[in-house]
Student: 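The structure that follows is given in the form of structure tokens.
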Amino acid sequence: MTHLRTRAVHAGQQPDPTTGAIATPITQTTAFGYGTLERGAALFAGEVPGYRYSRFANPTVAALEAKLADLEGAQTAVAFASGTAATASLVLGLLRPGDELVFLGPLYGGTEGLLRNLGERWGIRVVDATATGLEASLTPATRMVWVETLTNPTLRLHDLADVAAMARARGITTVADNTFCTPCLVRPLECGIDLVMHSMTKYLGGHGDATGGIVAGADALVAPVRKTGLGQVGGNLAPQEAFLFLRGIKTLPLRMAAHCEGALAVARFLQQHPAVRVVHYPGLESHPQHALAQRQMQGGFGGMVAFELQRCERSAVAAVLNRLALFTQAVSLGDTDSLACHPASTTHSFVSQQARDAAGVTEGLVRLSVGIEHPDDLVADLAQALDGWAP
Ligand code: PLP
């Protein structure tokens with residue numbers, strides 16, 4: 001199985017050995033009978049493989065973990081109840097008081113808030129290296145570097161190979177949140193990054209109907225994340241949700257191709273519209289990191305597009321957004337359905353003005369999660385919403 005499209009269908013899954021069921025069954029159980037006291041003791045001692053209790057491991061969840069590990073080119077993976085639970089488990093599992101975590105932003109606001117909150121409570125120094133640069137921010141106490149493969153909402157990139165090389169030379173663990181790109185477009189481990197994480201809630205699930213997170217990488221790094229995040233914090237993914245993610249991932253490469261096609265068409269349309277001041281999309285030649293995007297992203301530039309209107313009063317932005325018919329106004333992203341949001345009044349409304357400025361979140365900024373509808377229909381919807389709107 002060399003092609004990602006084939007692996008997305010088959011990796012981690014095979015017909016059920018007892019019934020032949022092709023869809024991996026939902027193993028809806030809390031505990032697993034171990035038969036004899038001797039086998040129970042061997043299971044708990046880790047001397048024989050097998051399932052004990054679904055907080056530690058569950059067959060439906062294990063199939064999903066194996067599939068995602070395969071797609072990301074990782075030894076192993078561990079799934080969680082949300083992307084946020086995955087982030088918390090990474091920090092709690094791998095860092096200790098006195099350690100430093102350095103991030104290159106802007107990060108998803110929930111991630112930055114969580115890192116800072118956990119950092120304050122657990123004595124971990126959290127450092128934003130976005131303005132100073134990574135090299136200047138690393139100290140002997142730095143244990144972890146955190147990046148996103150595409151940043152929200154203005155869609156900037158970090159050179160993952162550079163980040164990985166700089167950190168590896170100092171023995172620092174690197175984490176890349178690959179939620180926006182998925183392994184279809186970027187595979188951080190191939191760039192030398194140590195651990196990759198996802199909010200599966202977005203593209204991996206793809207249908208806007210399940211919440212989950214996952215961390216993938218080498219056994220030695222993932223094992224403490226699993227132990228802390230599942231065994232001690234109890235952030236395990238439910239088997240029903242794992243089933244939805246297994247089903248979603250089968251069509252991930254097909255969906256990502258449609259997202260990328262639609263987003264490029266939308267970005268090109270917006271770029272030439274007189275009501276639009278600037279479009280942020282890594283696939284446009286005008287994107288400041290288009291060359292890096294061409295090098296680092298494979299097969300497309302993602303499904304997220306952000307743009308700024310010429311007029312940025314809230315009423316003017318509302319006039320456009322409220323006229324959209326195919327794009328639903330909602331946060332989240334990566335669904336089959338197209339979504340639109342105004343970050344300044346929603347996702348970034350609790351963020352300081354300084355942080356908003358740093359992230360490029362102006363009052364006139366609109367973020368689109370381009371779904372898998374036909375690009376012509378999406379462009380027509382945007383055209384009618386912008387139509388007659390005086391810049
Ligand atoms: N990482 C990124 C890039 C996100 O966009 C999100 C959510 O929007 C998360 C992590 C958190 O994921 P979840 O909502 O599944 O906890």
Side-chain angles (χ1 to χ4, degrees), residues 61 64 68 72 77-92 101 103-118 130 144 146-158 160 174-186 188 193 195-216 225 229 233-238 241-242 244-245 248-249 256 259 280 282 297 302-306 329-335 339-343 346-351 355 359-361 367-370:
V61 178
L64 169 66
L68 201 277
E72 287 286 10
V78 53
F80 295 96
S82 67
T84 305
T87 300
S89 303
L90 269 164
V91 173
L92 295 176
L101 181 154
F103 71 84
L104 283 171
L107 294 183
Y108 163 61
T111 300
E112 185 175 341
L114 172 66
L115 295 178
R116 290 197 185 281
N117 191 352
L118 280 183
T130 318
M144 185 177 279
W146 194 290
V147 293
E148 292 179 1
T149 52
L150 256 189
T151 70
N152 178 33
T154 53
L155 306 165
R156 296 298 148 94
L157 293 85
H158 302 292
L160 297 179
T174 44
V175 180
D177 179 337
N178 200 20
T179 300
F180 273 44
C181 291
T182 82
C184 295
L185 307 183
V186 174
I193 296 287
L195 288 163
V196 59
M197 67 82 57
H198 285 269
S199 166
M200 295 195 291
T201 316
K202 315 298 194 259
Y203 289 104
L204 296 186
H207 295 71
D209 54 12
T211 301
I214 201 154
V215 172
V225 178
V233 178
N236 54 295
L237 183 72
E241 310 299 279
L244 289 173
F245 290 120
I249 293 173
M256 283 314 287
H259 286 298
H280 304 287
M297 302 180 76
M304 301 301 293
V305 179
Q329 288 191 60
V331 295
S332 201
L333 59 117
D335 296 358
L339 306 173
C341 84
H342 177 236
T346 57
T347 52
H348 288 68
S349 58
F350 303 105
V351 169
V361 177
R367 187 188 81 173
L368 302 176
S369 171
V370 177

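Sequential numbering from 1 along the given sequence is applied to the chain's residues. What you see below is based on every heavy atom in this structure, not just the backbone, and it leaves out hydrogens, waters and symmetry mates. One-based numbering, in listed order, for ligands and for the atoms of each.
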Student: Does Thr130 reach the main-chain N or O of Gly105 with its side chain, forming a donor-acceptor pair under 3.5 Å?
Tutor: yes

Student: With Phe245, which residues qualify under ring-ring contact (aromatic ring centres under 6.0 Å, His included), at least two apart?
Tutor: none

Student: For ligand 1, list every N/O pair with the protein closer than 3.5 Å, one pair per line with the distance.
Tutor:
{"unit_1": "ligand 1", "atom_1": "1 (N)", "unit_2": "Asp177", "atom_2": "OD2", "d": "2.7"}
{"unit_1": "ligand 1", "atom_1": "8 (O)", "unit_2": "Lys202", "atom_2": "NZ", "d": "3.0"}
{"unit_1": "ligand 1", "atom_1": "12 (O)", "unit_2": "Ser199", "atom_2": "OG", "d": "3.0"}
{"unit_1": "ligand 1", "atom_1": "15 (O)", "unit_2": "Gly83", "atom_2": "N", "d": "2.9"}
{"unit_1": "ligand 1", "atom_1": "15 (O)", "unit_2": "Ser199", "atom_2": "OG", "d": "2.8"}
{"unit_1": "ligand 1", "atom_1": "15 (O)", "unit_2": "Thr201", "atom_2": "OG1", "d": "2.7"}
{"unit_1": "ligand 1", "atom_1": "16 (O)", "unit_2": "Gly83", "atom_2": "N", "d": "3.2"}
{"unit_1": "ligand 1", "atom_1": "16 (O)", "unit_2": "Thr84", "atom_2": "N", "d": "2.8"}
{"unit_1": "ligand 1", "atom_1": "16 (O)", "unit_2": "Thr84", "atom_2": "OG1", "d": "2.6"}

Student: List the residues meeting side-chain hydrogen bond (donor to acceptor under 3.5 Å, both in side chains) with Ser89, not counting sequence neighbours, and say none if there are none.
Tutor: none

Student: Just by distance, do the side chain of Thr179 and the backbone of Ser199 share a donor-acceptor pair under 3.5 Å?
Tutor: yes

Student: What is the distance from atom CG of Leu107 to atom CG of Asn152, rounded to the nearest 0.5 Å?
Tutor: 10.0 Å

Student: List in chain and number order the residues that pass side-chain hydrogen bond (donor to acceptor under 3.5 Å, both in side chains) with Thr149, two or more places apart in sequence or in another chain; answer none if no residue qualifies.
Tutor: Asn178

